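Here is how names work: the chains are called A, B, and so on, in the same order as the sequence lines, proteins then strands, and each is numbered from 1. Heavy-atom basis, side chains included; hydrogens, waters and symmetry copies ignored. Because the structure is a prediction, the values reported are computed rather than measured.
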There are 2 protein chains.
Amino acid sequence: MIQLRQLCRDFLVGDQTVHALDHLDLSIDKGEYLSVMGPSGSGKSTLLNMLGLLDKPSAGEYLLNGTATSGLKEEQRASLRGGHIGFVFQSYHLIPRLNARENIELPLVLAGIAPKLRQPRVAELLARLDLIDRAEHIPNQLSGGQRQRVAIGRAIVMEPDLLLADEPTGNLDSKSGLEVITLLEELNAGGITLLVVTHDENVGARARRRLHMIDGAISRDWQTDSA
Amino acid sequence: MIQLRQLCRDFLVGDQTVHALDHLDLSIDKGEYLSVMGPSGSGKSTLLNMLGLLDKPSAGEYLLNGTATSGLKEEQRASLRGGHIGFVFQSYHLIPRLNARENIELPLVLAGIAPKLRQPRVAELLARLDLIDRAEHIPNQLSGGQRQRVAIGRAIVMEPDLLLADEPTGNLDSKSGLEVITLLEELNAGGITLLVVTHDENVGARARRRLHMIDGAISRDWQTDSA
Ligand SMILES: Nc1ncnc2c1ncn2[C@@H]1O[C@H](COP(=O)(O)OP(=O)(O)OP(=O)(O)O)[C@@H](O)[C@H]1O
Ligand SMILES: Nc1ncnc2c1ncn2[C@@H]1O[C@H](COP(=O)(O)OP(=O)(O)OP(=O)(O)O)[C@@H](O)[C@H]1O
Ligand SMILES: [Mg+2]
Ligand SMILES: [Mg+2]
């Protein structure tokens, strides 16, 4: 489903070049469940932004279902992102003037789905994410972990083919964190390809396949015996 | 040093009232080292905002060094915050147009401290926080964990009497997280009163005194045998 070949992403800051991704190779099949761990600054978010078509490589290639993404126009990238890729951002990026329910519902609205069809799906997610009592709160009326759960809801409401979660439990207590990971794993069991970036070894160890990154490259790539 | 008496903080959202802090009592002596844990939404950030004079109670009293803070004017509150209280925010609140060095330096600049005196202090912190290579990056050119470390640097650069850290290691790998907690504990060993809100049991267990919060109140308050 996904092939990254000698992928590079450089950032220029003043006269310094940061090699955020450094000749990275990676293959991911449909339906896989991977975790990605590594030191702060090792390139995990940059890798996820690349996979999510939010960023473009400086060199190398990203093939998505056999298509070379470098050849795609911006509308094609946007259409792939909107319809097929769900992204939980490390810093959430919620819409400040929309409440929890509206933030979660937004991808469905943008996809033109009718209110009657949206409502039950959003209600189910609000319940699963323990947000029913906070559905009408806007982001600055929510705790850090509540905002994180809204970001997760928005990423999964369209049941995307590919779900990219950047540290989805970092602001959650262990019980809420477990509920979230369980929910993401259910989606994976239903066929969604799942990548979870995390700093939590307990979370990382649950994946069937694990990656470690150092300095913009994959230093280890192994299968676990997780079910 | 700190006394909270029957402290309440209510938020009104539509016709619903959220009791974010619910008749909370707490005494903290100078130089103590406490950790605060509890479920997402239990009131930890609200408690810290109260202690940091960023928010006011709906009822009850907060006595700081014997002074009733409810009687203070806004300039007195701002002066206490600027001079005596360091705050690591759960969502960092960095200044977008200032780079890492400038964000860390900002409290010293606001305090009127001369460049010659600022420079060595900031350089030392950049080194301790492993940010020397990123000193000229602005926040959107930094990883999540790098931003978190800048927020920590800014909170401690004035060596405040009271240091309030809201989930300071949530976006850090275990090695960077340990470096940060060690740095905060050194400041506490030097006399600074330290409160750390965390979801990480390993971090919470290091404090000499631990609080658990549930539904806006302190459910457990105990001394550990941490050195
Ligand atoms: N827009 C940018 N401009 C310059 N440098 C950048 C930019 N974005 C990221 N970087 C740098 O690239 C490196 C990788 O960043 P990335 O955000 O991918 O790290 P990460 O592994 O997600 O870290 P963390 O665990 O702290 O979130 C970092 O050293 C960062 O400073
Ligand atoms: N400005 C506000 N308006 C309305 N409700 C609020 C506001 N700020 C916080 N709350 C509510 O008060 C409760 C406590 O929030 P707080 O941010 O203190 O929780 P927390 O313990 O820090 O949670 P987390 O671990 O998720 O960061 C939450 O249920 C939240 O929804
Ligand atoms: Mg990151
Ligand atoms: Mg909080």
Quiz item: How many angstroms lie between atom CD of Glu136(B) and atom CG of Asp15(A), to the nearest 0.5 angstrom?
Solution: 9.5 Å

Quiz item: Is there side-chain contact between Val13(B) and Arg134(A), with at least one heavy-atom pair below 4.5 Å?
Solution: no

Quiz item: Pick from Gly38(A), Ser176(A), Pro39(A): which one has the most heavy-atom pairs with chain B under 4.5 Å?
Solution: Pro39(A)

Quiz item: Which answer fits Ser45(B), side chain, backbone, both or neither, if we ask what part of it has an atom under 4.5 Å from a heavy atom of chain A?
Solution: neither

Self-check item: Exam field: side chain Asp173(B) to backbone His199(A), donor-acceptor pair closer than 3.5 Å
Solution: no

Quiz item: In terms of heavy-atom contacts, does CG of Asp215(B) have more than 12 from other residues, nucleotides or ligands at under 6.0 Å?
Solution: no

Self-check item: Crowding at NE2, His23(B) (>12 non-hydrogen neighbours, <6.0 Å)
Solution: no

Quiz item: Relative to chain A, which segment of Gln146(B) carries a heavy atom at a distance below 4.5 Å: side chain, backbone, both, or neither?
Solution: both

Quiz item: Hey, what do you get for CD (Gln16(B)) to CD (Gln141(A)), rounding to the nearest 0.5 Å?
Solution: 9.5 Å

Self-check item: Euclidean distance, Gln148(A) CD relative to Ser40(B) OG, rounded to 0.5 Å
Solution: 8.5 Å

Quiz prompt | Shortest non-hydrogen contact between Ser91(A) and Arg147(B), atoms and distance | solution = OG-NH1, 4.2 Å

Practice problem: Count the heavy-atom pairs under 4.5 Å between each of Glu201(A), Met37(A), Arg149(A), Lys175(A) and chain B, then report the option with the highest count. | Solution: Arg149(A)

